[in-house]
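Please read the structure below before turning to the comments.
Here the structure is a predicted model, which means the values were calculated and not measured. Quick note on labels: first sequence line is chain A, next is B, and so on, each numbered from 1.
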Amino acid sequence: MTHVLSQAAVSSLGRWFARHARDLPWRRRRDLYAVWISEVMLQQTRVETVIPYYRDFLRRFPTLKRLASASLQDMLKAWEGLGYYSRARNLWQAARLVQTEFRGRIPADFSEFRSLPGVGEYIAAAVLSIGRGLALPVVDGNVLRVVCRWQGIATDIRLAAAKKNVRQFLQGIIPADSPGRFNEAMMELGALVCLPRVPLCGQCPLRRCCFALRHGKTGLLPVKSRKRPVPEYHVALAVITRESGEKGGGRIFIQQRPELGHLGGLWEFPGGKCRPGEKPEAAVGRECREELGVEIAALGRLAEVRHAYSHFKVHLHVFICRLRRGRIRTDRPHAWVRIDELQQYPFPGANHKFFPQLKEYFNT
DNA sequence: AAAACGTGGGA
DNA sequence: TTCCCAAGTTT
């Protein structure tokens, strides 16, 4: 029954998409590799943000084979600034697995492809429906919003049950002859018309059969619980320098973060959270003592920047420091670099916020 | 199930 | 400024 009633809506959606689909870079290539890269990049990330990264990435790593043979550092450098860096690590790992476990061919079987690191329900369905025409509905944030309004589903979309309901509904109406276009059309509708705050219902191909519109509930659907407030920390960082004149003069100490976990594999300056009541000046000395086994002298404040991560916020207090006593001892990969060499290493966005001041300091 | 996991843009 | 949001996955 649902199937028959939805037929007209699916056709209407298809016509709308034919007229309004954006000309996006990844829509010009339908091979699995290109679609896969785009879907990973688009995860929780805006289209406008992704476009330049996608172009650069495919220029740098034109094939899966090239990606698999690249170093993780090169991969992270290409990903720098995009965020959610586990995506990059997983994609790199997956590329290597395709080489070793699948003879270099990206598996077109759902279960096999889904088993690769970083490939979840969404990406597996998206890549294989768009790239291979498999009838697998995608359920992303857009689709969730569109279907909840269209069908009047009031389940909290943060819950797994909502995703399951929506997927089940879509599985019954996804056209077997063009599942990829249907999936793209649903997402495009969410991105261009069925907007979160002010949906443009007058332009919507589903307006004649939309539950939320008919009942005046577009503002109430989908139901989404609020996220709890995030903690805020003060962090003190040490830009440790070697004075010019001495051997290796004018260099800065940097270290690599552990590969797993927050900002894994990226580079940073030593430092850490201020304890309750502890001044940043004190924290920076303590952290260098604990992490590196050295006494430093803070010569002055370089910058103070704020940054919001996905699950907490920080005030960064950046100090220009000099080694006073001891030799740095650490198990982590590290380097003494010139200011003009910093750009060779991938750094988190929060660090980039004070790079201008850093350059200013070292070039004057 | 719920929390970890980045970043930039718009209201 | 603050909050929410964007083509999710992993643990």
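- In this structure, a donor-acceptor pair under 3.5 Å is present between the side chains of A/W267 and A/Q73.
- Distance from the side chain of A/R228 is smallest to B/dA4 among B/dA4, B/dG6, C/dC3.
- The residue A/E121 sits close only to the backbone: its heavy atoms come under 4.0 Å of sugar-phosphate atoms, none of a base.
- Nucleic acid contact class of A/K353 (heavy atoms, under 4.0 Å, all strands): none.
- Taking atom P on both B/dC5 and C/dT2, the two are 23 Å apart, rounded to the nearest angstrom.
- Separation of the A/Y309 and A/H311 ring centroids does not fall under the 6.0 Å cut-off.
- A/L82 comes within 4.0 angstrom of a nucleotide base, judged by non-hydrogen atoms across all strands.
- In this structure, the nucleotide among C/dT9, B/dG6, C/dT2 sitting nearest to the side chain of A/Y309 is B/dG6.
- The base of B/dG6 sits within donor-acceptor range of the side chain of A/T45, with an N or O pair under 3.5 Å.
- Using modelled atom types, one finds no donor on one side chain facing an acceptor on the other under 3.5 Å when comparing A/Q203 with A/H20.
- In the set C/dT1, C/dT9, B/dG6, B/dG6 carries the atom at the smallest distance from any side-chain atom of A/S310.
- Under 3.5 Å, the side chains of A/Y345 and A/Q256 contain no donor-acceptor pair of N or O atoms.
- Place A/A161 and A/H262 on DNA chain B by their nearest nucleotides, and A/A161 ends up nearer the 5' end.
- At C/dT9, none of the side-chain N or O atoms of A/Q43 fall inside 4.0 Å of OP1 or OP2 (strictly under the cut-off).
- Residue contacts shown for A/T49 are absent, as no nucleic acid heavy atom lies under 4.0 Å away.
- A/R27 comes within contact range of at least one nucleobase, with a heavy-atom separation under 4.0 Å.
- In this structure, A/A160 reaches the sugar-phosphate backbone alone: every heavy-atom distance under 4.0 Å involves primed, P, OP1 or OP2 atoms, never a base.
- Backbone-only engagement by A/G81 is indicated by non-hydrogen atom pairs under 4.0 Å involving sugar-phosphate atoms exclusively.
- No contact: A/L260 has no heavy atom under 4.0 Å from any strand.
- Using a 4.0 Å cut-off between a side-chain N of Lys or Arg and a carboxylate O of Asp or Glu, A/R181 and A/E184 do not qualify as a salt bridge.
- Closest approach to the A/H307 side chain among C/dG8, C/dT10, B/dT7 is made by B/dT7 (side chain taken as heavy atoms from C-beta onward).
- Contacts of A/R257 with the nucleic acid, taken as non-hydrogen atoms under 4.0 Å apart, are absent.
- Residue A/W26 is classed as a base contact, given a heavy-atom separation below 4.0 Å to a base.
- A/V50 comes within contact range of no nucleotide atom at all, as no heavy-atom separation falls under 4.0 Å.
- Only the P atoms considered, B/dG6 is 24 Å distant from C/dT1, to the nearest whole Å.
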